[in-house]
Amino acid sequence: MEKTQRVALITGASRGIGKEIAKKMAENGYQLILNYVSENTNLEELRKEFTGVKTLFLKADVTDYSSCETMVKTAIETFGRIDVLINNAGITKDNLLLRMKEEEFDQVIEVNLKGTFHVTKSVIPFMMKQRSGKIVNISSVVGITGNSGQANYAASKAGIIGFTKTVAKEFASRNILANCVAPGFIQTDMTKNLSQAIKEQIYQQIPLQKMGEAREVANAVFFLASEENTYITGQVLNVDGGMIM
Ligand code: NAP
């Protein structure tokens with residue numbers, strides 16, 4: 001009998017870390033639901049990168065709960081199941097606390113933390129029915145250590161860790177495993193505007209003395225989401241070149 005192909009939903013999969021996670025899963029036989037939000041997304045280009053893979057591209061703003069529910073409903077109608085959820089969509093709006101506007105704080109919390117809540121809550125009932133599921137939420141080392149200029153982002157990423165541990169506890173009996181991956185400094189659009197001086201400062205804090213690549217995060221996410229992971233839940237795996245230990 002042919003093995004059922006696993007199905008993964010990845011938020012913020014149009015660029016950076018999310019896209020690398022999607023590629024890693026595609027290489028390993030997954031069917032994919034790839035979420036994005038921007039009108040400017042070049043879907044034609046993106047489709048080419050996933051030629052030969054059963055892939056559904058779904059536009060949805062993770063800050064909008066009903067859009068998330070619709071996205072998950074469409075995914076279930078197409079594939080019949082969701083084995084893996086990767087909550088990856090995220091933004092930064094950096095500013096020192098004294099200058100940070102309320103909107104800057106709220107927007108980052110809405111996308112990073114509330115978005116994770118919206119998509120997880122939409123997917124969980126289907127995983128419960130399946131009596132299996134893997135959830136990997138993308139946090140950040142900054143959610144553990146804090147970082148000047150990132151009160152909003154650090155709070156959102158710390159919140160994701162608490163949220164993930166709670167999901168791990170509430171749904172372990174349904175064989176749903178939930179973990180976080182906490183990347184350090186990874187080369188993507190999110191970090192491309194850091195000045196050389198800031199980058200030099202960052203390298204001094206990283207034992208491996210370089211920024212990470214999106215692929216290196218994807219490899220860790222892939223393992224936690226895979227069938228090989230049967231006994232790790234509620235954990236935070238740092239992918240940071242040894243930056244925090
Ligand atoms: P990125 O290149 O800026 O990509 C962000 C992704 O999130 C894009 O696909 C974007 O979609 C999507 N997104 C943003 N707002 C969204 C919304 N409201 N609804 C749905 N999707 C939305 O960022 P990245 O560096 O790959 O980061 C991915 C994750 O890793 C984030 O959670 C980030 O916080 C985390 N992380 C990154 C680093 C790093 O150094 N890069 C370090 C630690 C943690 P569009 O393309 O449609 O805009």
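Read the numbers this way: they start at 1 and go in the same order the structure lists the ligands and their atoms. Just so it is clear, the model here is predicted, and its values are computed rather than measured.
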Handout entry: Protein heavy-atom partner closest to atom 18 (N) of ligand 1 - residue, atom, separation in Å
Key = Asp61 OD1, 2.8 Å

Practice task
Look at atom NZ of Lys59 and say whether more than 12 heavy atoms of other residues, nucleotides or ligands are closer to it than 6.0 Å.
Solution key: yes

Practice task
Check each of Asn35, Thr120, Thr116, Asn112 against Asn87 using the side-chain hydrogen bond (donor to acceptor under 3.5 Å, both in side chains) test, and report the only one that passes.
Solution key: Thr120

Handout entry: Donor on one side chain, acceptor on other, Thr164 and Asn137, under 3.5 Å
Key = yes

Practice task
Name the closest protein heavy atom to atom 38 (C) of ligand 1, giving the residue it belongs to and the distance to 0.1 Å.
Solution key: Gly184 O, 3.9 Å

Fill in the blank from the handout: At under 4.0 Å between heavy atoms, what of Val111 touches ligand 1? The answer is side chain

Practice task
For Gln196 and Glu200, test the side chains for any donor-to-acceptor distance below 3.5 angstrom and give the result as yes or no.
Solution key: yes

Exercise for the section: Determine, for Glu45 against Lys48, whether the closest basic-nitrogen to carboxylate-oxygen distance falls under 4.0 angstrom. Expected result: yes

Exercise for the section: Return yes or no for this condition: an N or O of Ser14 is under 3.5 Å from an N or O of ligand 1. Expected result: yes

Fill in the blank from the handout: Taking only non-hydrogen atoms of Ile91 and a 4.0 Å limit, the atoms of ligand 1 in range are 14 (C), 15 (N)

Problem - Val37 contact mode with ligand 1 (heavy-atom cut-off under 4.0 Å) - result: both

Practice task
Classify the contact between Asn35 and ligand 1 as side chain, backbone, both or neither, using a heavy-atom distance cut-off of under 4.0 Å.
Solution key: side chain

Problem - Side chain, backbone, both or neither: the part of Ala214 lying under 4.0 Å from ligand 1 by heavy atom - result: neither

Practice task
Evaluate the side-chain proximity of Lys54 to Phe79: yes if any heavy-atom separation is below 4.5 Å, no if none is.
Solution key: yes

Practice task
Indicate yes or no: does an N/O atom of Ile186 lie under 3.5 Å from an N/O atom of ligand 1?
Solution key: yes

Handout entry: Salt-bridge contact Lys73-Glu69 (side-chain N to carboxylate O under 4.0 Å)
Key = no

Exercise for the section: For ligand 1, indicate whether the residue Thr41 contacts it via side chain, backbone, both or neither (heavy-atom separation under 4.0 Å). Expected result: side chain

